[in-house]
Amino acid sequence: MLIKPRPRDERSGLALQPEVLQDIARMPGFRGRGLLARILYSLPENTVGRRQVGAPAVPASIDKTYACPVPGLMETIKSGG
C-alpha cells in the first residue's frame with residue numbers, strides 16, 4: 001500500500017477589487033466548472049461616503065457569537081474537510 005504524504009499547508013490569501021472578482025466570474029474557464037466554489041471570498045458592503053467616524057464598539061454578545069464559529073471554520077478548512 002502506498003501512503004501519499006500530506007502536502008504542507010501553504011494557504012495564502014489575495015485581496016482583489018470587487019470588479020476583478022466579477023470579471024473572473026464571467027470568464028468562460030471559471031464558469032460551470034466549480035472553480036469559484038472552491039474559493040472562500042467575501043464582498044463586504046461598500047461604505048464609502050457612509051462611514052461612521054468613532055463608531056461604537058461591537059457589543060460583547062455579537063463579538064462572542066462571531067468569534068466562536070470562525071476558529072472551527074478555519075480548522076475545517078485546515079483539515080481539508
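On a predicted model such as this, the values are computed, not experimentally measured, just so you know.
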Checklist entry - Is Arg50 close to Glu45 at the side-chain level, that is, under 4.5 Å between some pair of heavy atoms? => result yes
Item to check | Residues forming a side chain to side chain contact (heavy atoms under 4.5 Å, CB included) with Pro44, sequence neighbours excluded | outcome: Ser42
Item to check | Partner set under salt bridge (Lys or Arg N to Asp or Glu O under 4.0 Å) for Glu19, not counting sequence neighbours | outcome: none
Item to check | Pairs involving residues 53-68, ordered by first then second residue, that meet salt bridge (charged side-chain N to carboxylate O under 4.0 Å, His left out) (sequence neighbours left out) | outcome: none
Item to check | Members sharing Val58's hydrophobic cluster (side chains within less than 4.5 Å) | outcome: Ile62
Next on the checklist: Among residues at least two apart in sequence or on other chains, which ones pass salt bridge (Lys or Arg N to Asp or Glu O under 4.0 Å) with Asp23?
Outcome noted: Arg26
